[in-house]
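This report concerns only the one structure given below.
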Amino acid sequence: MKRFFQRSDRDTRQKIVKLAIPIMISGVVQQVQVLTDSAFLGHINSDFFSALGNVFFPFFLCLGLMWSIPTGTTVLIAQAIGAGKPEKGKSISEASFKYNSLLSIGMFLLWIFYGKQILIGMGVKEPILTYAHSYVQILSFILLTMGIDGTAASVMHGVGISKPLMYIGIMRSLLNILLDWIMIYGKFGFPAMGIQGAALATVISNLAGIPIVLYIVFKGKHLPFKPALRGTLTAPWKNYLPVIRLGLPTGGEEVLWHAGNLILVRMINSLGMGGAGIYTLVMQIETTPVLLYMGISKAAQTLVGNRTGERNIPLAIRDGIQCLRYTLYVSIGFVLLFLAIPGKVLSLFTNDISLVATVAPYLMIAGLYLLPKAVNITIGHGIRGYGD
């Protein structure tokens, strides 16, 4: 308990804020993309909630794996920087770009050829099946660049740079909102594409940031090392093995969490097609505070990784706990919001009064488990920063 109240020094606290704020903003603006889709589509047809829900959990299982494995990249680069070995960070980043990209292409092919079968296996029936399949056939194209995107973000987090990702996230979110409005409703001469328009807007807005990400990592002056295209193409598998050893347990945790949700949604679908939409709506709203304190958790991972590289474990523990305190401050505000005005929060996404009344109690329950979830996520990132 004494350790919990031990504050980090001022420089470290400022570093936490400097690392966390851009990641927090980046995470929230990315979540705005998801919430914008839900809000626009939910006001057209509440069945779209169920379509999004049935795509969300199996598709995000793949996305979660693509974002989790590069955690190993972040940790290893943070430790290399802390130990004063930038060349080691360079070889790790090159191998990560190569093999994470191959993995993302495999995920894309899976969804393109077997997307409908996956949805049928989830128990999705018409008319939701047609909506969901048309949505995921377009959305799948973001998987092609997820290896690049996830690796670039993990490299920047590993060296303690987060502002560029924030600016890219803001650009993507604003572009997504504009394209959602144009493509879903049919503006400026475009046809009204509905749920397909939402998917296309998401793909275009995500692809728009890739050239910027690649320039920053390969050509910019932000990193203490500069990955090379030739080094990436010829990177040996052995340089990627340490990333896998650290990233797969994180990916395994992510896969198990999503697998649990898949089983739950499959059970809900057996009761009726509307349940998955209710579950997804609550999850999407509850994810917003999670993405906020995820920025603090990523800061904990980087700082603990640096301290571990320096072989200063007492300060690694102290700085990790400092991040945990900040996480709890953020979570308490959202707990109060979800408990006090759940109906007003939900009315942003649908004008279906009966749906709001049905979902409100579940949003309140989601608010109650934000605090233990915050503790789990922040401490987990600190442990990963240590290399475990």
Side-chain angles (χ1 to χ4, degrees), residues 25-45 48-49 51-56 58-60 62-64 66-67 97 100-101 103-113 115-116 119 130-153 156 164-218 280 284 287-288 291 349:
I25 294 173
S26 179
V28 169
V29 296
Q30 288 177 26
Q31 179 66 358
V32 167
Q33 292 182 239
V34 177
L35 296 177
T36 301
D37 285 356
S38 297
F40 283 158
L41 294 172
H43 283 89
I44 297 174
N45 185 346
F48 287 156
F49 281 135
L52 291 174
N54 281 289
V55 169
F56 182 86
F59 192 79
F60 271 75
C62 296
L63 286 183
M66 289 305 307
W67 279 102
F97 271 110
N100 287 338
S101 294
L103 178 60
S104 69
I105 292 169
M107 295 285 189
F108 166 74
L109 295 174
L110 172 69
W111 275 99
I112 283 294
F113 291 111
K116 190 170 186 177
L119 294 169
T130 297
Y131 296 146
H133 185 237
S134 64
Y135 179 72
V136 79
Q137 282 288 285
I138 298 172
L139 191 68
S140 297
F141 281 87
I142 69 172
L143 289 169
L144 282 173
T145 56
M146 280 304 299
I148 294 172
D149 219 359
T151 303
M156 284 189 266
L165 295 171
M166 177 186 72
Y167 295 134
I168 293 168
I170 291 171
M171 179 203 72
R172 283 173 165 169
S173 183
L174 293 175
L175 180 60
N176 186 77
I177 293 170
L178 175 63
L179 293 177
D180 265 346
W181 179 68
I182 292 172
M183 295 180 175
I184 291 173
Y185 295 117
K187 305 293 183 179
F188 301 115
F190 282 84
M193 298 174 66
I195 196 167
Q196 291 177 311
L200 187 57
T202 300
V203 170
I204 293 172
S205 59
N206 274 274
L207 291 177
I210 297 298
I212 304 171
V213 164
L214 288 175
Y215 177 81
I216 290 171
V217 174
F218 284 88
T280 305
Q284 287 179 349
T287 298
T288 302
L291 288 172
F349 301 92

Do the ring centers of F218 and F97 come within less than 6.0 Å of each other? yes

Test log, rule side-chain contact (heavy atoms from CB on, under 4.5 Å), inputs I142 and F59: CA-CA 11 Å; I142 69 172; F59 192 79; 4.1 Å; yes

Testing the basics here: between [X] and [Y], what is the closest heavy-atom pair and its distance to 0.1 Å?
X: S140; Y: V136; answer: OG-O, 2.6 Å
X: A152; Y: V213; answer: CB-CG1, 2.9 Å
X: W111; Y: C62; answer: NE1-SG, 3.2 Å
X: P164; Y: M156; answer: CB-SD, 4.2 Å
X: F190; Y: I182; answer: CD1-CG2, 3.6 Å

Short question: side chain of S173, backbone of I170 - any donor-acceptor pair under 3.5 Å? no

If you round to the nearest 0.5 Å, how far is [atom2] of [Y] from [atom1] of [X]?
X: M183; Y: T202; atom1: CE; atom2: OG1; value: 10.0 Å
X: I138; Y: I112; atom1: CD1; atom2: CD1; value: 9.5 Å
X: N176; Y: S205; atom1: CG; atom2: OG; value: 4.0 Å
X: D149; Y: N100; atom1: CG; atom2: CG; value: 11.5 Å
X: N206; Y: L139; atom1: CG; atom2: CG; value: 8.5 Å
X: I168; Y: I212; atom1: CD1; atom2: CD1; value: 5.5 Å

Beyond-backbone contact of S134 with I195, side-chain heavy atoms, under 4.5 angstrom: yes

Intermediate values then yes/no, ring-ring contact (aromatic ring centres under 6.0 Å, His included), W181 and F188: CA-CA 10 Å; W181 179 68; F188 301 115; 5.8 Å; yes

Just do the side-chain contact (heavy atoms from CB on, under 4.5 Å) check on L200 and L179 with the steps written out, would you? CA-CA 8 Å; L200 187 57; L179 293 177; over 6 Å; no

Given D180 and K187, is the salt bridge (charged side-chain N to carboxylate O under 4.0 Å, His left out) satisfied, shown in steps? CA-CA 10 Å; D180 265 346; K187 305 293 183 179; over 6 Å; no

Evaluate I184 against M193 for side-chain contact (heavy atoms from CB on, under 4.5 Å), listing each step before the verdict. CA-CA 5 Å; I184 291 173; M193 298 174 66; over 6 Å; no

Using side-chain contact (heavy atoms from CB on, under 4.5 Å), reason through L103 and M107 one step at a time and then give a plain yes or no. CA-CA 6 Å; L103 178 60; M107 295 285 189; 4.2 Å; yes

